[in-house]
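Got a structure here, written out as structure tokens. Questions coming.
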Amino acid sequence: MKYLFYKGKVAAAVALGLSLMLSTSAFAAQETEETVPAVEILTAEEAAAKAAQEEKELTLEEAVDMAMDNSAELRNVADTAEYLQELKEDIWDITGSFSVPTVSYQQWVDDDIYSIYSSIQTIGSNMTKNSYSREITKLTIEATVKNSFTSILSDESSLELAKQDTAVKKTLYEQGRLKNRLGLLSDYDLDTLRSDYEQAQYNVTKLEMALAQEYLSFYDLIGADSDAAYILIDDTEYEPYTMNQTMDQYINSKLNSDYTIKLQEQAVDDAEFNKNYLSISSTNATSATNENAYDTAKRSLKTAKDSKTLAIQNAYNTILSLESQHESARTALSQAEAAYRVAQINLEAGNTTAITVEQAKLAVEQAENAVRQLEYAHDMQIYQFENTELLSSSGSAQ
């Protein structure tokens, strides 16, 4: 399925181009034959076709790559990595190594030795945390692009449906006006039809405004020009999610690989270093403070793991819920399709009106849209479930 970014903007540009070309042609007719420039006169259809040739298809993967290249945050992470590497090399030049002896007990060391050990621990820790931050940042960018991509596809689908709903309500209102003049419909019922039509028009306008803002945000995210034209490729495919291991196995695996948990583990390592290594000039109060900080870091790690465990379980339950809703939506779609076929038969037999058939057709499209929306939500939920860094304790994206 393909969706076009800035459809209205492209159409306006085509219309403006035609206007300018026609104006130029009219003005040029007043000049001498030698000064008349060559102007290509196109019909509206030809202009639209030419504009379509300049549009580019954009896949989710391509959009993610563009966003990565455009990310100032990723560039900052890379700069930090270079800076920390330089600090590491400075330490290496001074000491000939870059390691701190591992100890499981508290010891007091000379101030100069402590200064070197502390520098090594700090630089090494920051390098590790920066590498984790890089992965989290990349994942966050990918998730943001995917969410924006999906949101646009979803709202485009809803907008098309809203326009069709408006067309049907407009027909009902126009028929109602005629019936009202003939005394076949009360003023109250006519007001209801008008209100329904106006609400449908408002829904279209609201979706168009929302999409315009989404487009601007998306272009800013991927670093595209605001007047660029892309065809958005929808490759979302639905299938029920399959777990190839037990939930406990999955959770344990994710707790060992989740970068937000790894950051908490690094905080414990840092606190343990401060607990075990003290300079000669340190006081007993410093020792007690560091002991407490170590205990706090361990508790924070446990809390983070417990919260992540709950988030993973909730995310999986949401996937199952969406699959159940999808099955119900598919049943509703089948029923709507059956009702539409009956309406068509009745129209051919002269037992119903054309607008009734249009309403039945709209009901089918509404049911199809409901299925599609669930598929988008299901796809996004699986993505979060498999990339647990994106999950909060509620099981939704952080």
Side-chain angles (χ1 to χ4, degrees), residues 64-143 223 253-305 308 387-390 398:
V64 169
D65 290 340
M66 292 173 68
M68 294 288 186
D69 292 338
N70 187 52
S71 173
E73 190 171 358
L74 272 182
R75 290 193 293 273
N76 290 337
V77 170
D79 290 344
T80 300
E82 291 182 7
Y83 169 70
L84 291 171
Q85 180 62 32
E86 292 175 358
L87 293 181
K88 177 180 178 180
E89 291 173 1
D90 289 343
I91 292 292
W92 188 278
D93 290 341
I94 295 173
T95 66
S97 66
F98 193 80
S99 62
V100 177
T102 301
V103 295
S104 57
Y105 55 90
Q106 189 178 79
Q107 58 179 277
W108 303 70
V109 297
D110 180 81
D111 286 355
D112 290 339
I113 294 178
Y114 176 80
S115 178
I116 293 174
Y117 282 177
S118 179
S119 295
I120 292 174
Q121 175 67 26
T122 299
I123 295 170
S125 174
N126 286 339
M127 292 180 75
T128 297
K129 290 187 289 189
N130 191 63
S131 68
Y132 294 160
S133 294
R134 181 183 65 246
E135 298 306 315
I136 293 173
T137 300
K138 289 168 63 177
L139 186 57
T140 301
I141 292 171
E142 183 177 355
S253 173
K254 288 301 180 181
L255 291 182
N256 288 327
S257 63
D258 186 295
Y259 287 109
T260 61
I261 298 299
K262 286 181 175 293
L263 283 173
Q264 293 283 346
E265 291 173 340
Q266 184 60 44
V268 173
D269 289 342
D270 292 341
E272 185 175 20
F273 169 84
N274 291 328
K275 175 181 73 72
N276 290 339
Y277 280 101
L278 293 165
S279 66
I280 290 295
S281 59
S282 298
T283 64
N284 288 332
T286 300
S287 175
T289 298
N290 291 351
E291 286 273 4
N292 180 67
Y294 176 59
D295 291 339
T296 299
K298 287 192 296 182
R299 286 193 297 269
S300 296
L301 173 60
K302 183 179 183 307
T303 299
K305 287 185 175 181
K308 190 67 67 172
N387 297 280
T388 55
E389 289 86 351
L390 302 171
Q398 297 187 65

Within a strict 4.5 Å, meaning less than it, do heavy atoms of the Q107 and N276 side chains meet?
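No; the side chains remain at least 4.5 Å from each other.
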Close side-chain approach of K298 and E272, heavy atoms under 4.5 Å:
no
Mark yes or no for whether T122, through its side chain, and S119, through its backbone, hold a donor-acceptor pair below 3.5 Å.
no
With a sphere of 6.0 Å drawn around CD of E89, does it hold more than 12 non-hydrogen atoms of other residues, nucleotides or ligands?
yes
Just by modelled atom types, is the L255 backbone N or O under 3.5 Å from a matching donor or acceptor in the K305 side chain?
no
For Y259 and L139, what are the C-alpha separation, side-chain angles and deciding distance, and is it a side chain to side chain contact (heavy atoms under 4.5 Å, CB included)?
CA-CA 10 Å; Y259 287 109; L139 186 57; over 6 Å; no
Would you indicate whether the side-chain heavy atoms of T137 and N76 approach each other to under 4.5 Å?
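No - every pair of side-chain heavy atoms lies 4.5 Å or more apart.
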Could you grab the distance from atom CG of N292 to atom OG of S287, nearest 0.5 Å is fine?
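One gets 11.0 Å once the value is rounded to the nearest 0.5 Å.
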Inter-residue atom distance Q85.CD - L87.CG, 0.5 Å rounding
9.5 Å
Before giving the answer on side-chain hydrogen bond (donor to acceptor under 3.5 Å, both in side chains), spell out for T296 and R299 the whole-Å C-alpha distance, their side-chain angles and the decisive distance to 0.1 Å.
CA-CA 5 Å; T296 299; R299 286 193 297 269; 3.2 Å; yes
Determine the minimum heavy-atom distance between D111 and S279, stating which atoms define it.
OD1-CB, 3.2 Å
Contact summary for A297 and A271, nearest pair of heavy atoms:
CB-CB, 4.0 Å
Going from CD on E82 to CG on L84, what distance comes out if it is rounded to the nearest 0.5 angstrom?
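Spacing of CD (E82) from CG (L84) equals 10.5 Å.
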Sort and list the pairs that fulfil ring pair (Phe, Tyr, Trp, His ring centres under 6.0 Å) and have at least one residue in residues 274-300, not counting sequence neighbours.
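Matches after skipping sequence neighbours: Y117-Y277, F273-Y277.
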Considering only heavy atoms from C-beta outward, does the side chain of Q106 approach that of E291 to under 4.5 Å?
yes
At what distance, to the nearest 0.5 angstrom, does CD1 of I123 lie from OG1 of T128?
12.0 Å
Any side-chain heavy-atom pair from D269 and Q266 closer than 4.5 angstrom?
yes
Indicate the atoms forming the closest heavy-atom contact of L278 with N290, along with that distance.
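It is CD2-ND2, 3.4 Å.
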CZ of F98: more than 12 outside heavy atoms within 6.0 angstrom?
yes
Provide the closest heavy-atom pair for K88 versus M127 in the form atom of the first, atom of the second, distance.
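Taking every non-hydrogen atom into account, CD-SD, 3.9 Å.
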Atom CZ in R75, atom OG1 in T80: separation rounded to 0.5 Å?
13.0 Å
Set out, in order, the CA-CA distance, both residues' side-chain angles and the distance that settles side-chain hydrogen bond (donor to acceptor under 3.5 Å, both in side chains) for T283 and T286, then state yes or no.
CA-CA 5 Å; T283 64; T286 300; 3.2 Å; yes
Quick one: closest heavy-atom pair of D270 and S125, and the distance?
OD2-OG, 2.7 Å
So, do N256 and I261 sit near enough that their side-chain heavy atoms are less than 4.5 Å apart?
no
Considering all heavy atoms of both residues, which atom of S282 and which atom of W108 are nearest to each other, and what is their separation?
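In terms of heavy atoms, the two residues are closest at O-CZ3, 3.3 Å.
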From D65 atom CG to N70 atom CG, the distance as rounded to the nearest 0.5 Å:
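Rounded to the nearest 0.5 Å, the CG-CG separation comes to 12.5 Å.
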